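Note that this is a predicted model, so its numbers are computed, not measured. Counting convention: from 1, in listed order, for ligands and their atoms alike. Hydrogens, waters and symmetry mates play no part in the numbers below; they use all other heavy atoms, side chains included.
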Amino acid sequence: MCPSNIVSTLALLYASQLVTLAGPKRPRVGKELSELGIIRDGGISIRDGKIDIVGKSHEIEKKADDAEVVDLGGRVALPGFVDAHTHLVFAGNRLEDFERRARGETYEQIAKASGGIGSTVEKTRAASEAELVAAAKKHADWFLQCGTTTVEAKSGYGLTLEDELKILRVMRRLNDETQLEIVPTFLGAHAVPREMSPEGYVDLVINEMLPRAAKEKLAEFCDVFCEHGYFDIEQSRKILTAAKKLGLKLRGHVDQLSNSGGAKLMAELGAATADHLEKTDKQGIAALKAANVQPVLLPGSVYALGSTSYPRAREMIEAGLAVVLATDFNPGSSPTPSMPMVLSLACTQMKMSPAEAITAATINAAHSLNRGDKIGSLESGKMANVTVFDCEDYRELAYWFGIPQTHAIYVRGKQIK
Ligand SMILES: [Zn+2]
């Protein structure tokens, strides 16, 4: 990096609301989800890419008199969004599926006619690493434009040893070559490839893919699509247990289409998160609570599939779960990188308050990625990932929808938009 690009001290001042999310150093639950730590007329100073002082603008101006001052003009400033569930790297799109769904065709009809997930696997296998990097850079830019500065990203459109490793290497390159921070997850068990038996594929995942991904340090987490027709409870337990032995932390796609006991499995294995949970019942929620597993709710996929079966966010909050919101960005069921859109869906469809939704999309998401001490809030010592929105009240982020409100984005103290 060119040294002249590094501003040693920068002060972002005069936000109408500086939404700090300051609070206990753990995931937020219950009433804490509504406590945003807002400083009116707030500002921060930044030194060496990290947040130095947080407070009232006039106080910071006095303390940081050598700083380059940026006037935020009475706008809202927040920590960059943390998107804890995305499928960032893939080739092509699923426009055929999209149009067939609009015509009212069923999931089975669509999978048969235009290929469903299998069609994305074919295109991703055929793409070179360079082609995937180019496509994923476009996706990474979309996330940044929407105010997201960290994403978890899953493999899972390769389904061979080499193609899964290829996708994970693309993520590593994106981490080096873009401003978006990528947290890599191995999702070899996304679907059984057409050319293999389920048993044979589970063995391949456990005996070859997982050891390579772990040895080359290409993934921090392991995920499984635990669902009828994909990987059942027993297969999912086998894969996740093997991953845990290799030092990977666990996430899981569970209870999306049926209440199959996936949430309970994630609790049994001590996973970091259980994701989707559209069909999870009271017992599943209680199991997640007992094991401190964070639920990751993905309303964008419910919306884009034209369903109304949203996860029961209010019950989960009342049960004391540290709820996370994410986009589930993927070409088939949730083609959106927009966290503001997800905030809108959380409030209108799942009856979360705007404050709860913002906590779920920042500090709680950061904790679910094992980064609660580095990102997700505007507190001294954390990375200076800041988004500025062209509005005066944080609730406007969830209220106006379909309008980009991003005004400026800072990643590690450097302005990138
Ligand atoms: Zn997903």
Aromatic contact, His190 with Tyr157 (centres under 6.0 Å): yes
Salt bridge (charged side-chain N to carboxylate O under 4.0 Å, His left out) partners of Glu164, counting only residues at least two apart: none
Side chain to side chain contact (heavy atoms under 4.5 Å, CB included) partners of Thr308, counting only residues at least two apart: none
Which donor-acceptor pairs under 3.5 Å do side chains of residues 134-150 form with protein atoms, sequence neighbours excluded?
from	atom 1	to	atom 2	distance (Å)
Lys137	NZ	Glu177	OE1	2.9
His139	ND1	Leu88	O	2.8
Thr150	OG1	Glu181	OE1	2.8

Atoms of the protein (N/O/S only) found under 2.8 Å from the Zn ion (ligand 1):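 Within the sphere that stays under 2.8 Å of the Zn ion (ligand 1), the protein atoms of type N, O or S are His85 NE2, His87 NE2, His253 NE2, Asp328 OD1.
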Side-chain ion pair, Arg75 and Glu392, N-O less than 4.0 Å: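 Salt bridge absent between Arg75 and Glu392.
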side-chain hydrogen bond (donor to acceptor under 3.5 Å, both in side chains) between Arg251 and Ser368, intermediate numbers included: CA-CA 9 Å; Arg251 316 180 86 79; Ser368 87; 3.1 Å; yes
